[in-house]
Amino acid sequence: MKALSRPVYIIALFAGIKFLIPFLLIHPSFELHRDEFLYLADSDHMAWGYIEMPPLLAVLGWFSKLAGGSIYTVYFWGGLSGALTMVVIGKIVLRLKGNSTAVFFACLAFLCSGFLRMHILFQPNFLDVFFWTLGSYYIICLVQNNRTLDFYYLGICLGLGMLGKYSTAFYILSFAVAVVATGQRKWLRNRHFYFAMLLGILICLPNLYWQYTHQFPVWHHMDLLTRQQLQYNSRKDFLIDQLLILLPGFFIWMGGLWYILMKKEGRKYMIIGFLYMGILGLLLYFNGKGYYAAAIYPTLIAFGGIWFSQLVSQKYTAWLRWVAPVFILGVTLFALPVLIPYQSPDKLANTYRNMHLENSPMLRWEDHQQHALPQDFADMIGWREMAERTAKAYHSLPDSVQRQTMIYGDAYAHAASLSFYRKPYRLPEIYSDDASFVFWLPDQFNYRYFLLVTDKMPDADDHFFNHWGKREIIDSVQNPLSRQHGDKIILYSFPDDSVKIIAERNIRRDKAQFRR
């Protein structure tokens with residue numbers, strides 16, 4: 001026990017730091033990210049699935065709402081997931097008989113990486129990172145001792161991973177190939193391997209059934225994602241991103257992969273190497289985003305800690321023990337402005353200009369244009385202003401008109417952010433036909449006024465909007481650094497008799513595509 005005390009303290013220290021980062025480093029000028037608002041809106045309508053994700057994140061959001069629903073209750077989950085992942089990394093190092101040096105460098109490389117940004121956001125990505133890392137831990141345990149119970153722990157981990165994010169399917173497919181391609185194919189003769197995988201299927205079965213009964217919305221979501229984003233991805237950029245994700249400590253994970261592939265003691269865990277290559281190959285084939293592969297790197301970091309501790313134990317490379325932390329921390333401090341929004345938006349924009357990052361890919365958005373802030377950060381401002389201006393427009397209406405007014409977000413971000421701020425601004429139910437909001441549309445349209453929040457004017461030939469007698473642009477988002485800058489608040493009134501018919505027909509059509 002005494003021999004393990006120091007590594008355990010190191011793990012606990014890094015895990016504590018990781019947990020506190022969202023609470024201490026995000027500037028209060030920033031709100032939640034547009035996607036976070038959506039996932040929290042999902043938690044108001046608990047189900048076994050949603051168009052954009054499986055149910056597990058919504059469950060966490062439900063607990064946040066139960067605890068008051070403040071931004072800090074949302075930060076809790078990213079901090080906790082990051083801390084738990086740090087603990088699992090430490091446990092992998094200890095499983096591999098790593099010493100304090102190995103633990104320290106593995107934890108430092110994980111802390112000082114792109115995971116700084118990932119774990120400040122309430123998104124399914126952090127569930128991927130945790131469950132993939134935990135699954136790899138149990139695979140390593142199985143390689144070492146072939147203990148029956150670890151098969152079941154792995155099955156539970158994979159089942160929960162599928163309830164967290166569907167990209168766990170890439171992990172599962174790569175794992176299956178890795179088992180067949182390595183000495184672990186002996187597991188295929190063990191009945192507990194199949195029982196454990198069956199357990200994983202049973203855990204995610206309610207979501208699979210939900211997908212079936214709703215015409216598999218995951219394919220609808222993937223098709224939308226491909227058309228709007230993935231088709232513009234470059235495989236070259238994907239590979240470059242693999243270096244950028246863990247740039248400060250890139251040599252740690254690369255050393256971990258080298259250890260697995262080339263070192264005699266590491267080749268025992270070749271299944272992890274095949275797992276990594278399989279995930280990379282699948283994501284390259286499907287033109288995935290670079291960060292989709294991020295969840296496998298904590299495992300390689302743990303192996304990298306072993307490799308680096310062996311490297312610095314040699315006489316002529318011992319100096320790296322002191323130089324490497326300085327390098328990792330130095331690069332992290334330099335990159336911190338694009339990893340965490342620790343300054344106000346205006347100050348961050350000035351920081352980027354002073355760093356001459358105006359033409360950097362980090363400031364290039366999905367529209368392929370350069371902007372003042374990274375897209376993720378621009379997606380974290382302007383929402384309260386939007387809610388305030390929408391509420392002002394709504395409450396300026398007479399009470400009799402308010403009761404006949406539907407507030408409608410053209411995109412899920414509009415509807416979800418307004419839903420988040422709904423209670424403090426005394427707004428009614430917010431509706432949209434985007435993402436899972438389509439499930440919650442009323443079947444009947446009995447409104448005489450329509451308050452639309454949108455980033456673009458409706459098309460001139462839009463049948464629904466052409467049957468309103470009056471259109472008035474009431475207000476717009478003024479924050480120039482927000483991605484929602486210029487989004488409009490439009491009041492439609494004086495509908496003719498066709499509006500109700502068109503609205504209800506559209507609602508039936510939109511819902512029908514998700515009904516079996």
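Bear in mind that the values here come from a model prediction, so they are computed numbers and not experimental data. The analysis underlying the following values was restricted to heavy atoms, covering all of them including side chains, and did not include hydrogens, waters or symmetry mates.
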**Prompt:** ring-ring contact (aromatic ring centres under 6.0 Å, His included) with Y75: which residues, sequence neighbours excluded?
**Reply:** Y72

**Fill in**
On a heavy-atom basis, the closest approach of Y425 and A391 is CB-CB, 3.7 Å

**Asked** Can you tell if the side chain of Q123 reaches within under 4.5 Å of the side chain of K165, non-hydrogen atoms only?
**Response** no

**Request:** Grab the two heavy atoms, one from C157 and one from G135, that are nearest each other, plus how far apart they are.
**Result:** SG-N, 3.4 Å

**Message:** Contact between M162 and I203 at the side-chain level, heavy atoms closer than 4.5 Å - yes or no?
**Reply:** no

**Item:** Six-ring centre of F445, R505 cation under 6.0 angstrom, axis tolerance 45°
**Value:** no

**Asked** Is there a donor-acceptor contact under 3.5 Å from the side chain of Q211 to the main chain of V218?
**Response** yes

**Request:** Decide yes or no for L275 and S136: does some side-chain heavy atom of the first lie under 4.5 Å from some side-chain heavy atom of the second?
**Result:** yes

**Asked** Under the criterion side-chain contact (heavy atoms from CB on, under 4.5 Å), which of L60, L38, I71, D35 is the partner of F122?
**Response** L60

**Request:** Taking atom CG of D497 as the centre, report whether more than 12 heavy atoms of other residues, nucleotides or ligands fall under 6.0 Å from it.
**Result:** no

**Asked** Does the pair L127 and L163 meet the rule for a side-chain contact (heavy atoms from CB on, under 4.5 Å), with working shown?
**Response** CA-CA 9 Å; L127 294 174; L163 292 181; over 6 Å; no

**Prompt:** Passes side-chain contact (heavy atoms from CB on, under 4.5 Å), D443 versus K511? Steps please.
**Reply:** CA-CA 9 Å; D443 291 328; K511 289 187 175 183; 2.9 Å; yes

**Complete:** Exactly one candidate in Y276, F115, F250 meets ring-ring contact (aromatic ring centres under 6.0 Å, His included) with Y297; the answer is Y276

**Request:** For R426, look at atom CZ and say whether over 12 heavy atoms of other residues, nucleotides or ligands are found less than 6.0 Å away.
**Result:** no

**Message:** Looking at F63, I'd like to know if its CZ atom is crowded, meaning that more than 12 non-hydrogen atoms belonging to other residues, nucleotides or ligands lie closer than 6.0 Å.
**Reply:** no

**Message:** Between R117 and D376, does any side-chain N to carboxylate O distance fall below 4.0 Å?
**Reply:** yes

**Message:** According to ring-ring contact (aromatic ring centres under 6.0 Å, His included), who are the partners of Y408, at least two apart in sequence or on a separate chain?
**Reply:** F450

**Asked** Just wondering, are more than 12 heavy atoms of other shown residues or ligands nearer than 6.0 Å to NE2 in H463?
**Response** no

**Request:** Considering only NZ, NE, NH1 and NH2 on the basic side and carboxylate oxygens on the acidic side, decide whether K289 and D241 come within less than 4.0 Å.
**Result:** no

**Message:** Can you see whether Q478 engages S476 through a side-chain donor-acceptor pair at a distance of less than 3.5 angstrom?
**Reply:** yes

**Prompt:** Do Q215 and Q513 touch side chain to side chain, with heavy atoms closer than 4.5 Å?
**Reply:** no

**Prompt:** Can you tell if the side chain of F76 reaches within under 4.5 Å of the side chain of S64, non-hydrogen atoms only?
**Reply:** no

**Request:** Quick one: do N207 and Y166 satisfy side chain to side chain donor-acceptor pair (under 3.5 Å)? Show the steps, please.
**Result:** CA-CA 11 Å; N207 174 254; Y166 293 124; 2.9 Å; yes

**Asked** Just by distance, do the side chain of E504 and the backbone of Q444 share a donor-acceptor pair under 3.5 Å?
**Response** no

**Request:** Taking atom OH of Y212 as the centre, report whether more than 12 heavy atoms of other residues, nucleotides or ligands fall under 6.0 Å from it.
**Result:** no

**Counterpart residues, salt bridge (charged side-chain N to carboxylate O under 4.0 Å, His left out), relative to K456 (two or more places apart)** = D410

**Item:** Residue pairs, two or more places apart or on separate chains, that pass ring-ring contact (aromatic ring centres under 6.0 Å, His included) and touch residues 333-353
**Value:** none

**Check: Q404 side chain, S400 main-chain N or O, donor-acceptor pair, under 3.5 Å** = yes

**E388/R384 salt bridge by N-O under 4.0 Å criterion** = no

**Item:** M386 versus S417, closest heavy-atom pair with distance
**Value:** SD-OG, 4.1 Å

**Asked** Between Q484 and R34, does any side-chain donor sit less than 3.5 Å from a side-chain acceptor?
**Response** yes

**Asked** So which heavy atom on S482 is nearest to which on G382, and how close?
**Response** OG-CA, 3.8 Å

**Message:** Pair I381, L373 - check side-chain contact (heavy atoms from CB on, under 4.5 Å), show working.
**Reply:** CA-CA 11 Å; I381 52 178; L373 294 177; 3.9 Å; yes

**Asked** For the side chain of R235 and the backbone of L284, is there at least one donor-acceptor N/O pair under 3.5 Å apart?
**Response** yes

**Request:** For side-chain contact (heavy atoms from CB on, under 4.5 Å), just list the numbers for Y449 and L397, CA-CA rounded to whole Å, side-chain angles, deciding distance to a tenth of an Å, and then say yes or no.
**Result:** CA-CA 10 Å; Y449 301 87; L397 304 173; 5.5 Å; no

**Message:** Donor-acceptor check, side chain of Q370 to backbone of S360, threshold 3.5 angstrom: yes or no?
**Reply:** yes

**Request:** Give a yes or no answer on whether the side chain of T390 reaches the backbone of A387 with a donor-acceptor pair at less than 3.5 Å.
**Result:** no

**Request:** Using the six-membered ring wherever Trp is involved, compare the ring planes of F377 and F30 and label them parallel, tilted or perpendicular (cut-offs 30° and 60°).
**Result:** perpendicular

**Asked** What's the shortest heavy-atom distance between I245 and Y291, and which atoms?
**Response** CD1-CA, 4.0 Å

For residues 51-58, tabulate all N or O donor-acceptor pairs below 3.5 Å that involve a side-chain atom, not counting sequence neighbours.
residue	atom	partner	partner atom	Å
E52	OE1	S436	N	3.2
E52	OE1	S436	OG	3.1
E52	OE2	S436	OG	3.0

**Request:** Check ring-ring contact (aromatic ring centres under 6.0 Å, His included) between Y171 and all other residues, then give those that pass, not counting sequence neighbours.
**Result:** W132

**Prompt:** With no hydrogens and no angle check, is any side-chain donor or acceptor of R422 less than 3.5 Å from a backbone partner on L427?
**Reply:** yes

**Prompt:** Are the side chains of Y292 and F286 in touch, meaning some heavy atoms are under 4.5 Å apart?
**Reply:** no

**Prompt:** Taking S174 for the side chain and I279 for the main chain, is one N or O donor matched with an acceptor at less than 3.5 Å?
**Reply:** yes

